[in-house]
Amino acid sequence: MNAPHTLDSKVPSGVLSDAWTNHKFALPLINPANRRKFKIAVVGTGLAGASAAATLAEMGYEVQSFCIQDSPRRAHSIAAQGGINAAKNYKGDGDSVYRLFYDTVKGGDYRAREHNVHRLAEVSVNIIDQCVAQGVPFAREYGGLLDNRSFGGAQVSRTFYARGQTGQQLLLGAYSALMRQVSAGRVEVRTRCEMVDVVTLDGIARGIITRDLETGAFERHAADAVLLCTGGYGNAFYLSTNAKTCNVTAAWRAHKRGAFFANPCYTQIHPTCIPVSGAYQSKLTLMSESLRNDGRVWVPKTKGDQRPPALIPEGERDYYLERRYPSFGNLVPRDVASRNAKAVCDEGRGVGSTGLSVYLDFADAISRDGRATIESRYGNLFQMYERITGEDPYSQPMRIFPAVHYTMGGLWVDYNLESTLPGLFVLGEANFSDHGSNRLGASALMQGLADGYYVVPATVTAHLAGRKLDRIDTNHDAFAEAESASRARFDKLLNINGSRTVDQMHRALGQLNWDHCGMARTKQGLEQAVKQVVQLREEFWNDVRVLGDGRSLNQALEHAGRVADFMEFSELMMKDALTREESCGGHFREEYQTAEGEAKRDDENFCHVAAWEYRGRDQQHQRHTEALSFENVQLTTRSYK
């Protein structure tokens, strides 16, 4: 095995509060007249991708934007409901940049870089001003001032929101900025195409290969820098709150070209989702964490109590989050709320026909504030819940249960958001950088827009001005090799002609991941699951059946390519969970917990980022580490009591 790779985080020295400002000043600048000479490929058109493409084009770069959907407006960012954090302190309740920084580091269970998190908190205040200027319709108080509400893991109100459609409204703002640049001729948007490989030349990312999802045609695109803004890998679990198109393919292709994959075992289980109701489901639906501002979580005190909730007296209800965590109550972080929901259901106190749900009750809030007030805050969410379940949440409690929602792991990046593959920058959920082992609610939108509007436009110059980038065209052998490998892969999938559908194989993989690498993990279960995943992957490549051809719209073929990558990725995710012999945030190893059932970290041995290097087909990944240091936040046991 090769010697461990040295991971240079490029974290600036000096006082933390001045680090980002000083770092930007030290970065090389590119003359506005010279920027048009550089071409940047931006893969993905969610909040991170749309904001990055718009900002870079505004600065004068030539930008190509690649969208897997028929419009950037369909990016999964629209599914974010509850809000976006910013340290504005409009409520005057003691918030600050430092407090947002502290809450985020603590919420991530001390497994994130201090400098990245502080930068995120710093630029959060600018994001709100930017979005208001774009016309994003944030909620406002009676007097016209921007309103705030609370989210998990914080004791201040810092979350800006647009009813239950915050992600959609923010994306429309970024989309309007993007389309302004399209109209100006500085951005070319390619829709209905999927990135299937990264092209490297002399060890530097110099372009991508895409596949047109309507015609099946493979296309070559050269660039001076490649930005991956392709989201997370939650659909490895099959059932998740992610859109069905969400996948790991772009990140996994980049990984196999030299980008290290960091902390893949850090997956977030959201506590507030509509429970699974049958084997026919292909995805799950999120109910915003913001609902826990007014909703109270409870289960019956008695095991097996199947009475309707209205018939269970107050004294026979267990408001278990309020009981166990009096300081934060129902607004504990997501990993804590999810594990507690699982625990009461494991005790036999779950509700509903499956016993795998808990109540989220708004009766007290409606009695206190009135139905009209609750409807003004959450009306579209209540309507969505009723349409899916057939139950009226105004007259009876919602039933909720944890589900896979977000992934804190992703491609390793340095302070400039550049991966270990030079020239490849990774933004938003696709990277690992800001959330440690657990993301606080309303921070995903904050990170995506911070990376796209403020960070990468400043840091990409270190690559563009700091390296010699010779002009290349798509006739280069590197493009031919990458395209040929991609074609061969899809042809192989079409020629298997097995007996099982792609969906059946994906369901089987998802169940393995959920059972053994979901809310709770054990050494024995993970060791067993790794073997099963390897076996399932072999079955996939020998027995999957993909109908149709590769020369037209073929969603089965699209799905097969993504599931093939999930098959490989899942093995790495499990090995990362197996290697990390501690519990922290969303990674909960049952062998490592306190007497009260809380996560038990091992800071002596695991206070680091694990970054995995692809070594080649049939070779074991190599694990590298980046030590984490905490000089501005005290490394303590996380408590929300």
Side-chain angles (χ1 to χ4, degrees), residues 7-27 85-89 93-127 151-156 158-159 262-263 266 327-328 333 335-336 408 412-417 431-444 446-447 450-451 454-455 458-459 582 584-587 599 601-611 625-641:
L7 295 171
D8 181 8
S9 66
K10 296 185 173 64
V11 167
S13 58
V15 179
L16 181 66
S17 58
D18 298 330
W20 174 231
T21 299
N22 292 338
H23 185 73
K24 284 190 293 183
F25 184 78
L27 289 168
N85 288 329
K88 287 285 198 179
N89 194 31
D93 54 1
D95 200 12
S96 63
V97 167
Y98 182 84
R99 188 173 293 279
L100 175 53
F101 157 70
Y102 172 80
D103 286 345
T104 305
V105 171
K106 177 184 175 183
D109 216 352
Y110 304 93
R111 290 294 178 262
R113 278 193 210 122
E114 280 192 337
H115 282 74
N116 288 64
V117 178
H118 196 276
R119 175 175 64 190
L120 178 64
E122 279 184 70
V123 302
S124 70
V125 297
N126 299 326
I127 294 171
F151 255 64
Q155 292 179 305
V156 297
R158 63 163 67 102
T159 305
N263 302 331
Y266 289 168
S327 293
F328 283 76
D335 60 315
V336 176
M408 286 74 65
W412 185 92
V413 291
D414 61 21
Y415 191 67
N416 291 336
L417 301 187
N431 73 34
F432 88 102
S433 68
D434 291 355
H435 306 296
S437 57
N438 175 67
R439 178 176 67 77
L440 291 184
S443 289
M446 176 174 61
Q447 186 208 350
D451 289 354
Y454 298 105
V455 180
T459 62
E582 65 165 353
C584 57
H587 168 63
R601 297 196 319 265
D602 180 354
D603 294 332
E604 183 177 349
N605 296 303
F606 292 98
C607 191
H608 59 240
V609 176
T625 62
E626 176 201 339
L628 295 172
S629 61
F630 294 91
E631 300 172 358
N632 300 275
V633 172
Q634 186 178 357
L635 192 60
T636 61
T637 300
R638 197 174 55 153
S639 174
Y640 293 95
K641 298 288 188 182

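The model shown is predicted, which means the values in this text are computed figures rather than measured ones.
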Roughly how far, to the nearest 0.5 Å, is [atom2] of [Y] from [atom1] of [X]?
X: F630; Y: E114; atom1: CZ; atom2: CD; value: 6.0 Å
X: E631; Y: L16; atom1: CD; atom2: CG; value: 9.0 Å
X: W20; Y: R119; atom1: CH2; atom2: CZ; value: 5.0 Å
X: K88; Y: I127; atom1: NZ; atom2: CD1; value: 10.5 Å
X: S437; Y: R601; atom1: OG; atom2: CZ; value: 8.5 Å
X: T625; Y: N605; atom1: OG1; atom2: CG; value: 11.5 Å

Run the side-chain contact (heavy atoms from CB on, under 4.5 Å) test on H118 and S17 for me, step by step, so that the C-alpha distance in whole Å, both residues' side-chain angles and the decisive distance to 0.1 Å come before the verdict.
CA-CA 7 Å; H118 196 276; S17 58; 4.2 Å; yes
Residue pair [X] / [Y], side-chain heavy-atom distance below 4.5 Å:
X: L7; Y: H608; answer: no
X: H435; Y: L440; answer: no
X: P333; Y: N438; answer: yes
X: F432; Y: R113; answer: yes

Run the numbers on L120 and M446 for side-chain contact (heavy atoms from CB on, under 4.5 Å), then give the verdict.
CA-CA 8 Å; L120 178 64; M446 176 174 61; 3.7 Å; yes
Provide the closest heavy-atom pair for [X] versus [Y] in the form atom of the first, atom of the second, distance.
X: A450; Y: V123; result: CB-CG2, 3.4 Å
X: S124; Y: A87; result: OG-N, 3.2 Å
X: A112; Y: S433; result: CB-O, 4.3 Å
X: T159; Y: A442; result: CG2-CB, 3.7 Å
X: W412; Y: A611; result: CD1-CB, 4.1 Å
X: A262; Y: V609; result: CB-CG1, 3.9 Å

Has the side chain of [X] got a donor or acceptor atom that lies under 3.5 Å from a matching backbone atom of [Y]?
X: D434; Y: V117; answer: no
X: S327; Y: Y640; answer: no
X: N89; Y: D95; answer: yes
X: N116; Y: Y415; answer: no

R111 bridged to D109 by N-O distance under 4.0 Å:
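Looking at D109 together with R111, the answer is no, because their closest N to O distance does not fall below 4.0 Å.
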Verify whether one side chain among D414 and S9 offers a donor that lies under 3.5 Å from an acceptor in the other.
no
Check whether the side chains of D335 and H587 place a donor and an acceptor atom closer than 3.5 Å, and report yes or no.
no
Run V633 and Y110 through side-chain contact (heavy atoms from CB on, under 4.5 Å) and show every step you take.
CA-CA 9 Å; V633 172; Y110 304 93; 3.5 Å; yes
Verdict with reasoning, L635 to C607, per side-chain contact (heavy atoms from CB on, under 4.5 Å):
CA-CA 10 Å; L635 192 60; C607 191; 4.2 Å; yes
Provide the full list of side-chain hydrogen bond (donor to acceptor under 3.5 Å, both in side chains) pairs with a residue in residues 97-106, sequence neighbours left out, each pair given once.
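Sorted result for residues 97-106: D103-R158.
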H23 ring center within less than 6.0 Å of F25 ring center:
no
